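Working notes for the structure below.
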Amino acid sequence: MNSKPTRAGCLSAILAISLAAPMSAELIRFPDDPAVADVRRDFGAKGDGVADDTAALQRGIEASSDRGGRTKILFLPNGTYRVTNTLVVRARVGPWVYGESRDRVIIRLDDHVPTNVTAVVRTHPSDTEAGSADWFMRCFRNLTIDAGNNPHVDGIRWFGNNSSLLKNVRVTGTGKVAVNSGFLGQNGPNLVQDVLVEGSFETGVRSAWNWGQTLSRVTIRNARQEGVYVNATAVGIEDLVVENSPVALRNEYPNDWTWWGGVVALAGGRFTGGNPAGPAITNTSVLYARDVIATGFRQVLQSTTPGGSVTGGRLDEYLSHPAVKLFPDSPDRALRLPVASEPAFAWETNLANWICVNDHGAVAGDNQDDTVAIQKAVDAAAAAGQTVVYLRGTGGGDPNWYTLDGEVHVHGSVRHVIGLGFGRVIGGPTGRFIVDDTSAPVVKFQHLQAFGGRPPAVENRSKDRTLFIESCDLRVVGNGRGDIFVTDCPSGIELRSPRQRLWARQLNPEGDSDAGLVRNHGGQLWALGVKHEGRGMRWLTDQGGRTEILGLFNYGPGIATNDFRPAFDVNRAAFSAAGVREISFGNTYPVKVRERRGDETREEKGGGWIGWALYSGWTAPTSNAGLMVPGP
């Protein structure tokens with residue numbers, strides 16, 4: 001479907017505002033603490049652009065991700081770190097690598113390295129054998145990766161599962177692929193966010209043969225073949241900028257296996273200075289795309305699918321294949337819920353404002369409740385006007401976690417709760433962090449993982465405070481009206497309050513559920529890049545709630561043929577999902593979607609793998625009053 005322009009007067013202005021280049025101004029510092037390793041102080045790196053810092057950086061990466069001892073943050077002060085070989089992440093968990101500033105922390109590979117050097121950084125121990133999909137919590141942030149002059153070398157071979165974040169990173173130099181997520185199978189889901197690719201690479205980002213990926217606010221300049229290449233995976237993409245590249249986005253099948261091709265949902269694209277004889281987007285697989293402007297190309301989209309090609313330089317909303325729907329009056333378009341980026345959040349560089357829970361009695365690994373100690377740290381910080389409360393990273397054999405059996409109220413000046421390394425926290429049934437009307441305007445939780453244990457909850461009970469969760473697997477609960485942002489999280493979600501809003505980017509809830517891993521009871525929930533694994537209901541939307549998903553990979557490891565729990569349940573509510581892929585090396589879901597309107601219930605049934613450009617389960621407005629959803 002190629003809809004006629006419906007917002008001709010405002011689309012260009014919206015894209016000009018929303019598709020800005022990634023920001024680079026973030027300045028990061030950490031306290032002098034055993035949980036922080038400084039690559040210069042602790043490992044002897046020089047950072048002068050002359051000395052070979054390969055061994056020092058490699059030791060730092062291994063120390064950051066050493067679960068046999070205590071995981072740490074690896075901090076890279078400003079400088080140019082010359083390397084002569086690939087830096088390799090060998091551990092299954094970590095590392096947590098932070099640069100002081102994006103453009104002044106440069107990991108630069110020597111020019112003309114041997115052909116056995118395949119990347120500047122590789123976050124998997126092997127170039128050829130994935131082994132499994134059990135490589136978690138990679139975090140590279142706020143630095144530049146320079147491939148030098150090495151046409152055969154990738155900037156970063158990016159591999160991470162469930163929760164892994166490449167954020168505010170610049171990749172430059174002359175190389176093959178800037179961010180290569182397709183060098184092995186079994187990769188993903190993971191998140192690439194606020195990444196700038198420049199220099200001269202054949203491909204900016206390659207997403208192939210993996211379990212889903214999310215690209216958020218990525219800018220690619222001067223790619224020699226294509227900006228983004230996708231096959232054999234599901235990818236959610238927002239606000240993609242591609243400049244001076246022959247093709248902006250290429251989405252295709254790697255072979256003739258049904259629904260094994262790329263499944264893409266693209267929301268927002270600005271493609272400029274391309275090939276005047278060719279299209280900005282080429283597609284032979286499953287594609288949903290909207291709000292795209294292309295200049296300098298022959299046309300915006302060339303596709304071999306039933307949706308056909310699109311001439312001209314703009315694409316308002318496009319489906320490569322007809323929309324799947326259970327009620328004929330559901331529109332052939334997505335819900336288009338309002339989209340908000342994560343709130344601006346300044347890193348605390350005044351280290352006097354950091355306070356450690358371990359200094360107030362919290363002890364990892366003793367199986368004793370740490371609620372009182374964590375609350376003491378929060379209370380002390382609030383009394384002193386301090387802003388950051390941190391937990392030292394854990395490691396070693398089980399038990400190695402902090403225990404949270406009660407409630408911790410985050411209040412006053414405290415706006416950041418972070419684990420420095422593997423901040424493993426196991427919760428009892430009532431264990432939770434609370435954000436309420438006494439909290440700071442924006443409260444962020446970061447690097448807190450239960451990892452195989454019961455995750456505590458983080459709950460927004462406030463009227464107007466914003467809760468921001470990044471790289472955590474805390475259970476997310478909305479019990480108020482304050483906004484919630486969830487980024488790079490393998491978390492379950494429940495919105496309990498009508499009209500509460502939540503935006504998720506790279507969400508990976510897993511497990512067996514009768515009620516739904518994600519439950520939206522009357523709220524507004526937008527998600528970019530979702531992956532599931534397990535059996536039973538994945539998403540429930542009811543009580544007039546509105547849910548929109550862009551880019552979803554549903555992996556069922558063999559669903560029983562008599563298991564009629566739907567993957568998606570829409571009960572008198574509004575739901576759309578674009579770019580949906582389901583595969584299973586066994587039975588797939590017998591019931592994909594169950595949708596109820598009034599007293600009538602319908603189901604989308606059928607075995608086999610699927611690749612949907614769009615599922616539409618909502619009723620279009622009948623007036624200017626806004627979105628209408630089925631009533632009870």
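Just so you know, these numbers come straight off a predicted model, no measurement behind them.
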I would like to know whether S207 and Q213 meet side-chain hydrogen bond (donor to acceptor under 3.5 Å, both in side chains); could you show each step before the answer? CA-CA 7 Å; S207 298; Q213 189 163 50; 2.4 Å; yes
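- In terms of modelled atom types and a separation under 3.5 Å, the side chain of T233 and the main chain of G212 share a donor-acceptor contact.
- With respect to the salt-bridge test (charged N to carboxylate O, under 4.0 angstrom), the residues D483 and R501 qualify.
- R505 and S341 get closest at one heavy-atom pair: NH2-CA, 3.7 Å.
- Here the side chains of N231 and Y229 are in contact, with some heavy-atom distance below 4.5 Å.
- By the ring pair (Phe, Tyr, Trp, His ring centres under 6.0 Å) test, F553 is found to be paired with W211, residues two or more places apart in sequence or in another chain being considered.
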Verify salt bridge (charged side-chain N to carboxylate O under 4.0 Å, His left out) between D512 and R565, making sure each step is shown before the conclusion. CA-CA 10 Å; D512 195 316; R565 294 173 295 178; 2.6 Å; yes
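- Here the options are E494, E459, R461, the test is side chain to side chain donor-acceptor pair (under 3.5 Å), and the partner is N479; only E459 passes.
- Of all heavy-atom pairs spanning F271 and A280, the tightest one is CD1-CB, 4.0 Å.
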Side chain to side chain contact (heavy atoms under 4.5 Å, CB included) for V292 and L266? Distances and angles first, verdict last. CA-CA 9 Å; V292 175; L266 168 65; 3.8 Å; yes
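- Proximity of a side-chain donor or acceptor of D488 to a complementary backbone N or O of S164 within less than 3.5 Å is detected.
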Given the rule in the side chain to side chain contact (heavy atoms under 4.5 Å, CB included) test, do N161 and Q186 qualify, once you have shown the distances and angles that lead to the verdict? CA-CA 8 Å; N161 304 113; Q186 302 271 30; 5.5 Å; no
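- For the pair R572 and D599, the salt-bridge criterion is met [side-chain N within less than 4.0 Å of a carboxylate O].
- Note that CD1 of I237 and CG of L550 are 10.5 Å apart. Values are rounded to the nearest 0.5 Å.
- With respect to the salt-bridge test (charged N to carboxylate O, under 4.0 angstrom), the residues E252 and R250 do not qualify.
- Sorted by first and then second residue, the pairs that involve residues 469-497 and meet ring pair (Phe, Tyr, Trp, His ring centres under 6.0 Å), not counting sequence neighbours, are F485-W503.
- With rounding to the nearest 0.5 angstrom, the OG1 atom of T601 is 7.5 Å from the CZ atom of R594.
- Of the inter-residue distances, the one linking K592 atom NZ with E603 atom CD reads 12.5 Å to the nearest 0.5 angstrom.
- The nearest pair of heavy atoms linking N210 to R581 is O-NH1, 3.8 Å.
- When each of T541, N460, N520 is checked for a side-chain contact (heavy atoms from CB on, under 4.5 Å) with L495, only N520 meets the rule.
- Taking each heavy atom of L467 and V435 in turn, the nearest pair found is CD1-CG2, 4.0 Å.
- A side-chain contact (heavy atoms from CB on, under 4.5 Å) with D291 holds for exactly one of E238, R336, R270; it is R336.
- With sequence neighbours excluded, no residue satisfies salt bridge (Lys or Arg N to Asp or Glu O under 4.0 Å) with D464.
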Test side chain to side chain contact (heavy atoms under 4.5 Å, CB included) on K605 and F564; report intermediate values, then the result. CA-CA 9 Å; K605 298 180 179 179; F564 299 115; over 6 Å; no
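- For the pair Y589 (side chain) and G536 (backbone), a donor-acceptor distance under 3.5 Å is present.
- Side chains of Q449 and R424: no donor on one and acceptor on the other come within 3.5 Å.
- For the pair S285 (side chain) and V263 (backbone), a donor-acceptor distance under 3.5 Å is absent.
- A donor-acceptor contact shorter than 3.5 Å links the side chain of R138 to the backbone of T123.
- R519 places a side-chain N or O within 3.5 Å of a backbone atom of G516 that can act as its donor or acceptor partner.
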Take Y288 and E317 through the test side-chain hydrogen bond (donor to acceptor under 3.5 Å, both in side chains) and record every step on the way to the result. CA-CA 8 Å; Y288 170 89; E317 190 164 16; 2.5 Å; yes
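- The CD1 atom of I281 lies 6.0 Å from the CG atom of L315; values are rounded to the nearest 0.5 Å.
- Applying side-chain contact (heavy atoms from CB on, under 4.5 Å) to I469 and the options I484, T487, I493 leaves one that passes, I484.
- Minimum interatomic distance between P509 and V518 (heavy atoms only, all atoms of both residues): CG-CG2, 4.0 Å.
- A salt bridge between K325 and D332 is present, with a side-chain N of the basic residue lying under 4.0 Å from a carboxylate O of the acidic one.
- With sequence neighbours left out, the ring pair (Phe, Tyr, Trp, His ring centres under 6.0 Å) criterion links F445 to F433.
- Comment: E342 engages R217 in a salt bridge, judged by a side-chain N to carboxylate O separation of less than 4.0 angstrom.
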Should R597 and D329 be marked as a salt bridge (charged side-chain N to carboxylate O under 4.0 Å, His left out) after you check the CA-CA gap, both sets of side-chain angles, and the distance that decides it? CA-CA 12 Å; R597 296 188 183 180; D329 60 342; 2.7 Å; yes
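- With hydrogens and angles disregarded, no donor-acceptor distance shorter than 3.5 Å links the side chain of R290 to the backbone of D316.
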Apply side-chain hydrogen bond (donor to acceptor under 3.5 Å, both in side chains) to the pair E582 and Y555, showing each step before the final yes or no. CA-CA 6 Å; E582 181 190 6; Y555 174 52; over 6 Å; no
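- Residues S309 and Q299 form a side-chain contact, since some pair of their non-hydrogen atoms from C-beta on lies under 4.5 Å apart.
- Atoms CG and CG, on N190 and L166 in that order, are 8.5 Å from each other to the nearest 0.5 Å.
- Between the CG atom of L525 and the CG atom of L337 there is a distance of 8.5 Å, given to the nearest 0.5 Å.
- Between W612 and H321, the ring center distance fails the sub-6.0 Å criterion.
- Not counting sequence neighbours, the partners of F575 by the ring pair (Phe, Tyr, Trp, His ring centres under 6.0 Å) test are F568.
- At a threshold of 4.0 Å, the pair E600-R602 counts as salt-bridged, since one of the basic side-chain nitrogens sits closer than that to a carboxylate oxygen.
- Every residue two or more places apart in sequence or in another chain that forms a ring pair (Phe, Tyr, Trp, His ring centres under 6.0 Å) with F451 is listed here: F136, F422.
- Between the side chain of S491 and the backbone N or O of L474 there is at least one donor-acceptor pair closer than 3.5 Å.
- Residues Y615 and E595 bring a donor and an acceptor atom of their side chains to less than 3.5 Å of each other.
- Of all the heavy atoms in T547 and L335, the pair that sits closest is O-CD1, 3.2 Å.
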Between W158 and H124, does a side-chain hydrogen bond (donor to acceptor under 3.5 Å, both in side chains) hold up when you go through it step by step? CA-CA 8 Å; W158 177 238; H124 190 284; over 6 Å; no
